[in-house]
There are 2 protein chains.
Amino acid sequence: MAKREEILDTALEVIARDGYSRATVRELANSVGLSQAGLLHYFGTKEQLFVEILRRRDERDQRAYGEAVGAAGTAADIAGAFVRLVRHNAQVPGFVQLFTRFSSEASEEQHPAHAFFRDRYAVSRTITADTLRKLQEEGRLSPGLDPERLALMVFALIDGLQMQWLHDPDVDMADHVAYFWELVGLTPRTGGTPAG
Amino acid sequence: MAKREEILDTALEVIARDGYSRATVRELANSVGLSQAGLLHYFGTKEQLFVEILRRRDERDQRAYGEAVGAAGTAADIAGAFVRLVRHNAQVPGFVQLFTRFSSEASEEQHPAHAFFRDRYAVSRTITADTLRKLQEEGRLSPGLDPERLALMVFALIDGLQMQWLHDPDVDMADHVAYFWELVGLTPRTGGTPAG
DNA sequence: GTCTATATGTTGATAGAC
DNA sequence: GTCTATCAACATATAGAC
(Lines give C-alpha, C1' and ligand atoms only; values in the text may rest on other atoms or scores of the structure.)
Protein backbone atom coordinates (compact mmCIF):
# COMPACT_ATOMS: atom_id res chain seq x y z
CA MET A 1 0.00 0.00 0.00
CA ALA A 2 2.92 2.32 0.68
CA LYS A 3 3.80 2.05 -2.99
CA ARG A 4 0.38 3.27 -4.07
CA GLU A 5 0.66 6.30 -1.84
CA GLU A 6 4.14 7.02 -3.06
CA ILE A 7 2.84 6.93 -6.63
CA LEU A 8 -0.05 9.23 -5.80
CA ASP A 9 2.13 11.76 -4.05
CA THR A 10 4.59 11.88 -6.92
CA ALA A 11 1.76 12.23 -9.40
CA LEU A 12 0.37 15.07 -7.34
CA GLU A 13 3.64 16.94 -7.52
CA VAL A 14 4.07 16.39 -11.24
CA ILE A 15 0.54 17.54 -12.03
CA ALA A 16 0.72 20.58 -9.78
CA ARG A 17 3.85 21.60 -11.65
CA ASP A 18 3.22 20.53 -15.25
CA GLY A 19 -0.54 20.67 -15.61
CA TYR A 20 -3.14 18.34 -16.92
CA SER A 21 -2.08 17.92 -20.54
CA ARG A 22 1.22 16.42 -19.55
CA ALA A 23 -0.53 14.09 -17.15
CA THR A 24 -0.80 11.03 -19.36
CA VAL A 25 -0.41 7.64 -17.76
CA ARG A 26 2.89 7.20 -19.54
CA GLU A 27 4.22 10.52 -18.33
CA LEU A 28 3.21 9.92 -14.74
CA ALA A 29 4.70 6.45 -14.93
CA ASN A 30 8.03 7.86 -16.05
CA SER A 31 8.07 10.37 -13.26
CA VAL A 32 7.56 7.69 -10.68
CA GLY A 33 10.09 5.38 -12.29
CA LEU A 34 7.71 2.82 -13.70
CA SER A 35 6.54 1.77 -17.13
CA GLN A 36 3.02 2.56 -18.20
CA ALA A 37 1.94 -1.02 -17.66
CA GLY A 38 3.67 -1.05 -14.32
CA LEU A 39 1.69 1.94 -13.14
CA LEU A 40 -1.65 0.65 -14.38
CA HIS A 41 -0.95 -2.55 -12.50
CA TYR A 42 -1.78 -0.60 -9.35
CA PHE A 43 -4.82 1.32 -10.51
CA GLY A 44 -6.40 -0.59 -13.36
CA THR A 45 -7.50 2.30 -15.50
CA LYS A 46 -6.59 5.89 -16.03
CA GLU A 47 -9.83 7.19 -14.58
CA GLN A 48 -9.38 5.16 -11.41
CA LEU A 49 -5.88 6.49 -11.06
CA PHE A 50 -7.07 10.06 -11.42
CA VAL A 51 -9.90 9.61 -8.97
CA GLU A 52 -7.38 8.29 -6.46
CA ILE A 53 -5.16 11.28 -7.11
CA LEU A 54 -8.05 13.64 -6.41
CA ARG A 55 -9.05 11.66 -3.36
CA ARG A 56 -5.58 11.83 -1.94
CA ARG A 57 -5.46 15.54 -2.52
CA ASP A 58 -8.82 15.91 -0.82
CA GLU A 59 -7.56 14.02 2.22
CA ARG A 60 -4.71 16.46 2.57
CA ASP A 61 -6.84 19.55 2.02
CA GLN A 62 -9.49 18.17 4.29
CA ARG A 63 -7.01 18.08 7.13
CA ALA A 64 -5.73 21.55 6.39
CA TYR A 65 -8.84 23.46 5.34
CA GLY A 66 -11.96 21.29 5.32
CA GLU A 67 -11.83 20.68 9.04
CA ALA A 68 -11.58 24.39 9.58
CA VAL A 69 -14.86 24.83 7.73
CA GLY A 70 -16.72 22.12 9.60
CA ALA A 71 -15.33 23.12 12.97
CA ALA A 72 -15.72 26.86 12.50
CA GLY A 73 -16.83 28.35 15.77
CA THR A 74 -17.18 31.87 14.49
CA ALA A 75 -18.31 33.55 11.35
CA ALA A 76 -14.81 34.85 10.79
CA ASP A 77 -13.48 31.30 10.96
CA ILE A 78 -15.60 29.83 8.21
CA ALA A 79 -15.11 32.75 5.88
CA GLY A 80 -11.40 32.72 6.54
CA ALA A 81 -11.15 29.00 5.92
CA PHE A 82 -12.50 29.42 2.42
CA VAL A 83 -10.18 32.31 1.70
CA ARG A 84 -7.20 30.29 2.86
CA LEU A 85 -8.28 27.30 0.77
CA VAL A 86 -8.48 29.42 -2.36
CA ARG A 87 -5.22 31.17 -1.59
CA HIS A 88 -3.66 27.75 -1.30
CA ASN A 89 -5.11 26.64 -4.64
CA ALA A 90 -3.55 29.65 -6.30
CA GLN A 91 -0.18 28.07 -5.51
CA VAL A 92 -0.84 24.94 -7.56
CA PRO A 93 -2.15 25.93 -10.99
CA GLY A 94 -1.60 22.51 -12.49
CA PHE A 95 -3.75 20.94 -9.89
CA VAL A 96 -6.53 23.46 -10.32
CA GLN A 97 -6.41 22.63 -13.99
CA LEU A 98 -6.62 18.93 -13.26
CA PHE A 99 -9.65 19.46 -11.10
CA THR A 100 -11.43 21.76 -13.53
CA ARG A 101 -10.81 19.66 -16.61
CA PHE A 102 -11.45 16.32 -15.02
CA SER A 103 -14.62 17.58 -13.38
CA SER A 104 -15.93 18.96 -16.64
CA GLU A 105 -15.14 15.72 -18.43
CA ALA A 106 -16.85 13.71 -15.71
CA SER A 107 -20.06 15.67 -16.00
CA GLU A 108 -21.42 13.00 -18.30
CA GLU A 109 -23.22 10.29 -16.44
CA GLN A 110 -21.33 7.42 -18.06
CA HIS A 111 -17.96 8.78 -17.02
CA PRO A 112 -16.16 6.59 -14.46
CA ALA A 113 -15.53 9.58 -12.20
CA HIS A 114 -19.02 10.99 -12.36
CA ALA A 115 -20.15 9.61 -9.01
CA PHE A 116 -17.00 10.86 -7.33
CA PHE A 117 -17.64 14.46 -8.30
CA ARG A 118 -21.36 14.36 -7.68
CA ASP A 119 -20.80 13.03 -4.17
CA ARG A 120 -17.97 15.43 -3.53
CA TYR A 121 -20.11 18.43 -4.38
CA ALA A 122 -22.99 17.13 -2.29
CA VAL A 123 -20.85 16.46 0.78
CA SER A 124 -19.07 19.79 0.55
CA ARG A 125 -22.35 21.64 0.34
CA THR A 126 -23.88 19.75 3.24
CA ILE A 127 -20.99 20.33 5.61
CA THR A 128 -20.83 24.01 4.76
CA ALA A 129 -24.59 24.50 5.02
CA ASP A 130 -24.65 22.73 8.38
CA THR A 131 -21.94 24.96 9.75
CA LEU A 132 -23.61 28.09 8.45
CA ARG A 133 -26.92 27.02 9.99
CA LYS A 134 -25.25 26.41 13.32
CA LEU A 135 -23.73 29.89 13.23
CA GLN A 136 -27.09 31.29 12.31
CA GLU A 137 -28.78 29.62 15.27
CA GLU A 138 -26.14 31.14 17.51
CA GLY A 139 -26.92 34.54 16.12
CA ARG A 140 -23.64 35.02 14.33
CA LEU A 141 -25.19 35.03 10.85
CA SER A 142 -28.10 37.12 9.70
CA PRO A 143 -31.32 35.15 10.20
CA GLY A 144 -32.68 36.16 6.83
CA LEU A 145 -29.97 34.28 4.91
CA ASP A 146 -30.33 30.81 3.43
CA PRO A 147 -27.45 28.50 4.45
CA GLU A 148 -28.17 25.96 1.72
CA ARG A 149 -28.09 28.52 -1.04
CA LEU A 150 -24.97 30.18 0.34
CA ALA A 151 -23.16 26.86 0.58
CA LEU A 152 -23.91 25.94 -3.00
CA MET A 153 -22.99 29.41 -4.17
CA VAL A 154 -19.60 29.60 -2.51
CA PHE A 155 -18.46 26.42 -4.22
CA ALA A 156 -19.85 27.61 -7.53
CA LEU A 157 -18.04 30.87 -7.04
CA ILE A 158 -14.78 29.11 -6.33
CA ASP A 159 -15.06 26.84 -9.35
CA GLY A 160 -15.84 29.78 -11.57
CA LEU A 161 -13.04 31.88 -10.15
CA GLN A 162 -10.65 29.05 -10.86
CA MET A 163 -11.83 28.93 -14.45
CA GLN A 164 -11.25 32.66 -14.95
CA TRP A 165 -7.99 32.54 -13.06
CA LEU A 166 -6.67 29.76 -15.29
CA HIS A 167 -7.28 32.02 -18.28
CA ASP A 168 -5.93 35.09 -16.54
CA PRO A 169 -3.64 34.71 -13.52
CA ASP A 170 -4.23 38.35 -12.61
CA VAL A 171 -7.66 37.38 -11.35
CA ASP A 172 -7.39 37.46 -7.56
CA MET A 173 -9.44 34.50 -6.39
CA ALA A 174 -8.96 34.98 -2.67
CA ASP A 175 -9.94 38.63 -2.88
CA HIS A 176 -13.24 37.77 -4.51
CA VAL A 177 -14.05 34.98 -2.09
CA ALA A 178 -13.40 37.37 0.78
CA TYR A 179 -15.64 39.94 -0.87
CA PHE A 180 -18.41 37.36 -1.19
CA TRP A 181 -18.37 36.76 2.54
CA GLU A 182 -18.41 40.47 3.19
CA LEU A 183 -21.53 40.78 1.07
CA VAL A 184 -23.04 38.09 3.23
CA GLY A 185 -22.11 40.05 6.31
CA LEU A 186 -19.10 38.03 7.44
CA THR A 187 -15.62 39.46 7.66
CA PRO A 188 -13.10 36.70 7.03
CA ARG A 189 -10.22 36.34 9.43
CA THR A 190 -7.50 35.30 7.05
CA GLY A 191 -4.35 35.94 8.98
CA GLY A 192 -1.97 33.14 9.92
CA THR A 193 -1.71 29.62 8.64
CA PRO A 194 -3.98 26.80 9.73
CA ALA A 195 -2.41 24.53 12.31
CA GLY A 196 -2.36 21.35 10.25
CA MET B 1 -20.78 32.27 -46.58
CA ALA B 2 -24.34 31.04 -46.22
CA LYS B 3 -22.96 27.53 -46.18
CA ARG B 4 -20.70 28.25 -43.23
CA GLU B 5 -23.57 29.64 -41.25
CA GLU B 6 -25.74 26.70 -42.13
CA ILE B 7 -23.02 24.38 -40.88
CA LEU B 8 -22.62 26.32 -37.64
CA ASP B 9 -26.32 26.38 -36.92
CA THR B 10 -26.66 22.66 -37.49
CA ALA B 11 -23.63 21.99 -35.31
CA LEU B 12 -25.17 24.15 -32.62
CA GLU B 13 -28.32 22.05 -32.60
CA VAL B 14 -26.47 18.76 -32.58
CA ILE B 15 -24.22 19.81 -29.71
CA ALA B 16 -27.06 21.25 -27.65
CA ARG B 17 -28.78 17.91 -27.96
CA ASP B 18 -26.01 15.34 -27.86
CA GLY B 19 -23.30 16.98 -25.81
CA TYR B 20 -19.63 17.51 -26.27
CA SER B 21 -18.32 13.96 -26.42
CA ARG B 22 -20.32 13.24 -29.54
CA ALA B 23 -19.11 16.46 -31.07
CA THR B 24 -16.22 15.08 -33.12
CA VAL B 25 -15.52 16.59 -36.50
CA ARG B 26 -16.70 13.40 -38.14
CA GLU B 27 -19.95 13.36 -36.22
CA LEU B 28 -20.75 16.99 -36.92
CA ALA B 29 -19.89 16.47 -40.58
CA ASN B 30 -22.36 13.60 -40.82
CA SER B 31 -25.11 15.66 -39.23
CA VAL B 32 -24.64 18.41 -41.74
CA GLY B 33 -24.41 16.02 -44.65
CA LEU B 34 -20.74 16.38 -45.39
CA SER B 35 -17.67 14.20 -45.09
CA GLN B 36 -15.09 15.02 -42.47
CA ALA B 37 -12.76 16.44 -45.08
CA GLY B 38 -15.62 18.39 -46.57
CA LEU B 39 -16.35 20.07 -43.28
CA LEU B 40 -12.75 20.87 -42.49
CA HIS B 41 -12.50 22.47 -45.91
CA TYR B 42 -14.50 25.36 -44.44
CA PHE B 43 -12.83 25.72 -41.08
CA GLY B 44 -9.31 24.33 -41.36
CA THR B 45 -8.99 22.80 -37.94
CA LYS B 46 -11.23 21.48 -35.25
CA GLU B 47 -10.38 24.26 -32.83
CA GLN B 48 -11.21 26.93 -35.38
CA LEU B 49 -14.52 25.24 -36.05
CA PHE B 50 -15.36 25.17 -32.37
CA VAL B 51 -14.41 28.77 -31.83
CA GLU B 52 -16.71 29.71 -34.71
CA ILE B 53 -19.49 27.67 -33.13
CA LEU B 54 -19.07 29.51 -29.85
CA ARG B 55 -18.87 32.83 -31.61
CA ARG B 56 -22.07 32.20 -33.47
CA ARG B 57 -23.79 31.20 -30.28
CA ASP B 58 -22.53 34.35 -28.61
CA GLU B 59 -23.92 36.48 -31.42
CA ARG B 60 -27.33 35.01 -30.84
CA ASP B 61 -27.22 35.29 -27.07
CA GLN B 62 -25.80 38.75 -27.35
CA ARG B 63 -28.90 39.87 -29.22
CA ALA B 64 -31.22 38.18 -26.76
CA TYR B 65 -29.52 38.71 -23.40
CA GLY B 66 -26.24 40.57 -23.68
CA GLU B 67 -27.88 43.71 -24.98
CA ALA B 68 -30.27 43.58 -22.07
CA VAL B 69 -27.32 43.68 -19.69
CA GLY B 70 -25.55 46.54 -21.42
CA ALA B 71 -28.73 48.54 -21.92
CA ALA B 72 -30.16 47.91 -18.48
CA GLY B 73 -31.83 51.10 -17.30
CA THR B 74 -32.80 49.79 -13.90
CA ALA B 75 -31.30 47.51 -11.31
CA ALA B 76 -34.12 45.06 -11.86
CA ASP B 77 -33.25 44.92 -15.55
CA ILE B 78 -29.63 43.90 -15.21
CA ALA B 79 -30.33 41.31 -12.54
CA GLY B 80 -33.22 39.94 -14.55
CA ALA B 81 -31.14 39.72 -17.69
CA PHE B 82 -28.67 37.41 -15.98
CA VAL B 83 -31.42 35.28 -14.56
CA ARG B 84 -33.00 34.90 -17.97
CA LEU B 85 -29.66 34.07 -19.55
CA VAL B 86 -29.06 31.30 -17.06
CA ARG B 87 -32.59 30.04 -17.38
CA HIS B 88 -32.02 29.86 -21.08
CA ASN B 89 -28.78 27.94 -20.66
CA ALA B 90 -30.60 25.36 -18.58
CA GLN B 91 -32.49 24.43 -21.73
CA VAL B 92 -29.38 23.42 -23.65
CA PRO B 93 -27.25 21.11 -21.48
CA GLY B 94 -25.10 19.94 -24.36
CA PHE B 95 -24.09 23.46 -25.13
CA VAL B 96 -23.29 24.26 -21.53
CA GLN B 97 -21.09 21.19 -21.58
CA LEU B 98 -19.38 22.36 -24.74
CA PHE B 99 -18.64 25.71 -23.20
CA THR B 100 -17.40 24.32 -19.91
CA ARG B 101 -15.19 21.64 -21.39
CA PHE B 102 -13.80 23.70 -24.20
CA SER B 103 -13.08 26.59 -21.88
CA SER B 104 -11.26 24.36 -19.43
CA GLU B 105 -9.22 22.81 -22.23
CA ALA B 106 -8.35 26.23 -23.59
CA SER B 107 -7.02 27.44 -20.27
CA GLU B 108 -3.53 26.52 -21.41
CA GLU B 109 -1.80 29.34 -23.17
CA GLN B 110 -0.81 27.33 -26.22
CA HIS B 111 -4.35 26.27 -26.94
CA PRO B 112 -5.71 27.77 -30.18
CA ALA B 113 -8.85 28.98 -28.42
CA HIS B 114 -7.11 30.52 -25.44
CA ALA B 115 -7.29 34.11 -26.69
CA PHE B 116 -10.95 33.73 -27.54
CA PHE B 117 -11.90 32.84 -23.99
CA ARG B 118 -9.62 35.31 -22.34
CA ASP B 119 -11.05 38.13 -24.41
CA ARG B 120 -14.59 36.91 -23.93
CA TYR B 121 -14.25 36.96 -20.16
CA ALA B 122 -12.65 40.38 -20.21
CA VAL B 123 -15.29 41.92 -22.44
CA SER B 124 -18.16 40.41 -20.47
CA ARG B 125 -16.75 41.74 -17.22
CA THR B 126 -16.17 45.20 -18.61
CA ILE B 127 -19.66 45.62 -20.04
CA THR B 128 -21.26 44.39 -16.84
CA ALA B 129 -19.07 46.51 -14.60
CA ASP B 130 -19.78 49.59 -16.71
CA THR B 131 -23.49 49.06 -16.44
CA LEU B 132 -23.34 48.51 -12.71
CA ARG B 133 -21.26 51.62 -12.25
CA LYS B 134 -23.77 53.63 -14.25
CA LEU B 135 -26.60 52.37 -12.05
CA GLN B 136 -24.55 53.18 -9.01
CA GLU B 137 -23.99 56.74 -10.15
CA GLU B 138 -27.71 57.09 -10.62
CA GLY B 139 -28.25 55.92 -7.09
CA ARG B 140 -29.88 52.62 -7.97
CA LEU B 141 -27.09 50.51 -6.53
CA SER B 142 -25.60 50.81 -3.09
CA PRO B 143 -22.60 53.16 -3.23
CA GLY B 144 -20.50 50.89 -1.04
CA LEU B 145 -20.41 48.11 -3.62
CA ASP B 146 -17.61 47.44 -6.08
CA PRO B 147 -18.89 47.08 -9.68
CA GLU B 148 -15.70 45.43 -10.93
CA ARG B 149 -15.72 42.77 -8.29
CA LEU B 150 -19.42 42.11 -8.70
CA ALA B 151 -19.06 41.74 -12.46
CA LEU B 152 -16.26 39.23 -12.16
CA MET B 153 -18.13 37.35 -9.47
CA VAL B 154 -21.39 36.96 -11.32
CA PHE B 155 -19.65 35.31 -14.25
CA ALA B 156 -17.67 33.10 -11.92
CA LEU B 157 -20.87 32.18 -10.15
CA ILE B 158 -22.56 31.28 -13.42
CA ASP B 159 -19.66 29.14 -14.60
CA GLY B 160 -19.55 27.32 -11.29
CA LEU B 161 -23.29 26.81 -11.19
CA GLN B 162 -23.09 25.29 -14.64
CA MET B 163 -20.42 22.90 -13.46
CA GLN B 164 -22.52 21.74 -10.51
CA TRP B 165 -25.66 21.64 -12.60
CA LEU B 166 -24.00 19.41 -15.18
CA HIS B 167 -23.28 16.95 -12.40
CA ASP B 168 -26.69 17.33 -10.82
CA PRO B 169 -29.56 18.72 -12.87
CA ASP B 170 -31.52 19.37 -9.68
CA VAL B 171 -29.29 22.35 -9.02
CA ASP B 172 -31.41 25.39 -9.82
CA MET B 173 -29.04 27.80 -11.52
CA ALA B 174 -31.48 30.63 -12.07
CA ASP B 175 -32.59 30.54 -8.46
CA HIS B 176 -29.06 31.00 -7.22
CA VAL B 177 -28.26 33.78 -9.64
CA ALA B 178 -31.39 35.58 -8.50
CA TYR B 179 -30.36 35.07 -4.90
CA PHE B 180 -26.95 36.54 -5.63
CA TRP B 181 -28.54 39.75 -6.86
CA GLU B 182 -30.77 39.87 -3.84
CA LEU B 183 -27.70 39.67 -1.62
CA VAL B 184 -26.34 42.61 -3.56
CA GLY B 185 -29.54 44.49 -2.96
CA LEU B 186 -31.14 44.11 -6.38
CA THR B 187 -34.39 42.29 -6.95
CA PRO B 188 -34.36 40.77 -10.43
CA ARG B 189 -37.37 41.32 -12.61
CA THR B 190 -37.51 37.99 -14.38
CA GLY B 191 -41.00 37.89 -15.78
CA GLY B 192 -41.66 37.74 -19.50
CA THR B 193 -39.40 36.86 -22.36
CA PRO B 194 -36.89 39.24 -23.89
CA ALA B 195 -38.11 40.80 -27.11
CA GLY B 196 -35.70 39.50 -29.72
C1' DG C 1 5.71 -6.62 -9.66
C1' DT C 2 7.60 -5.04 -13.53
C1' DC C 3 8.83 -5.00 -18.20
C1' DT C 4 8.49 -5.24 -23.44
C1' DA C 5 5.67 -5.54 -27.09
C1' DT C 6 1.46 -5.08 -29.17
C1' DA C 7 -3.51 -4.72 -29.90
C1' DT C 8 -7.14 -1.54 -30.33
C1' DG C 9 -9.59 2.39 -30.97
C1' DT C 10 -10.14 7.11 -31.84
C1' DT C 11 -9.33 11.35 -33.81
C1' DG C 12 -7.71 15.05 -36.55
C1' DA C 13 -5.40 16.08 -40.74
C1' DT C 14 -3.93 15.53 -45.65
C1' DA C 15 -3.38 13.91 -50.67
C1' DG C 16 -5.36 13.52 -54.70
C1' DA C 17 -9.23 12.28 -57.89
C1' DC C 18 -13.55 14.08 -59.71
C1' DG D 1 -16.32 21.97 -53.17
C1' DT D 2 -16.71 17.50 -52.06
C1' DC D 3 -15.41 12.84 -51.73
C1' DT D 4 -12.59 8.55 -50.80
C1' DA D 5 -8.73 6.81 -48.91
C1' DT D 6 -5.15 6.98 -45.97
C1' DC D 7 -1.88 8.71 -42.67
C1' DA D 8 -0.06 9.72 -38.41
C1' DA D 9 -0.33 10.39 -33.71
C1' DC D 10 -1.84 9.30 -29.46
C1' DA D 11 -3.27 6.94 -25.48
C1' DT D 12 -5.21 3.23 -23.05
C1' DA D 13 -5.35 -1.42 -22.24
C1' DT D 14 -3.65 -6.22 -22.38
C1' DA D 15 -0.72 -10.52 -23.18
C1' DG D 16 2.91 -12.84 -21.85
C1' DA D 17 7.81 -13.29 -20.48
C1' DC D 18 10.93 -12.75 -16.55
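Lettering follows sequence order; numbering is per chain, from 1.
The separation between A:His41 atom NE2 and D:dA17 atom P is 18 Å, rounded to whole Å. When the C1' atom of C:dT11 is taken as reference, atom CG of B:Asn30 falls 14 Å away, rounded to whole Å. For A:Gln48 and D:dA11, the CD to C1' distance is 17 Å, given to the nearest whole Å. Going from atom CD of B:Glu105 over to atom P of C:dG12 covers 11 Å, rounded to whole Å. Put simply, CZ on A:Phe43 is 20 Å from P on D:dA11, counting in whole angstrom units. Nucleotide D:dT12 holds its C1' atom 16 Å from the CG atom of A:Leu34, rounded to whole Å. If you take CD of B:Glu27 and P of C:dT11, they are 8 Å apart, rounded to a whole angstrom. Distance, B:Lys3 NZ to D:dG1 C1': 9 Å, rounded to whole Å.
The cationic group of A:Arg4 does not satisfy the cation-pi geometry with A:Tyr42, failing either the under 6.0 Å distance to the six-membered ring centre or the 45° limit from the ring axis. Relative to the six-membered ring of A:Phe95, A:Arg57 meets both conditions, a distance below 6.0 Å and an angle of at most 45° to the axis.
For the pair A:Arg125 and B:Asp168, the salt-bridge criterion is met [side-chain N within less than 4.0 Å of a carboxylate O]. Salt-bridge check for A:Lys134 with A:Glu137: failed, with every basic side-chain N at 4.0 Å or more from each acidic carboxylate O. For A:Asp77 and A:Arg84, the salt-bridge test fails: no basic side-chain N is under 4.0 Å from an acidic carboxylate O.
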Tabulate atom names and distances for all N/O pairs under 3.5 angstrom spanning the protein and nucleotides 13-16 of chain C.
{"residue": "C:dA13", "atom": "OP2", "partner": "B:Lys46", "partner atom": "N", "Å": "3.0"}
{"residue": "C:dA13", "atom": "N7", "partner": "B:Gln36", "partner atom": "OE1", "Å": "3.3"}
{"residue": "C:dA13", "atom": "N7", "partner": "B:Gln36", "partner atom": "NE2", "Å": "3.2"}
{"residue": "C:dA13", "atom": "N6", "partner": "B:Gln36", "partner atom": "NE2", "Å": "2.7"}

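Considering B:Thr190, B:Thr187, B:Val154 as possible partners of B:Trp181, the one that fulfils the side-chain contact (heavy atoms from CB on, under 4.5 Å) test is B:Val154. Among B:Asp159, B:Asp61, B:Asp58, the single residue meeting the salt bridge (charged side-chain N to carboxylate O under 4.0 Å, His left out) criterion with B:Arg120 is B:Asp58.
The stretch residues 7-17 of chain A has no heavy atom under 4.0 angstrom from DNA chain D at all.
A search for ring-ring contact (aromatic ring centres under 6.0 Å, His included) contacts involving A:Phe116 returns nothing, not counting sequence neighbours.
In this structure, A:Phe50 has its ring center at least 6.0 angstrom away from the ring center of A:Phe99.
Of the candidate nucleotides D:dC3, C:dC3, D:dT2, D:dT2 has the atom lying nearest to any side-chain atom of B:Tyr42.
A:Thr24 comes within 4.0 angstrom of the backbone, heavy atoms only, and of no base.
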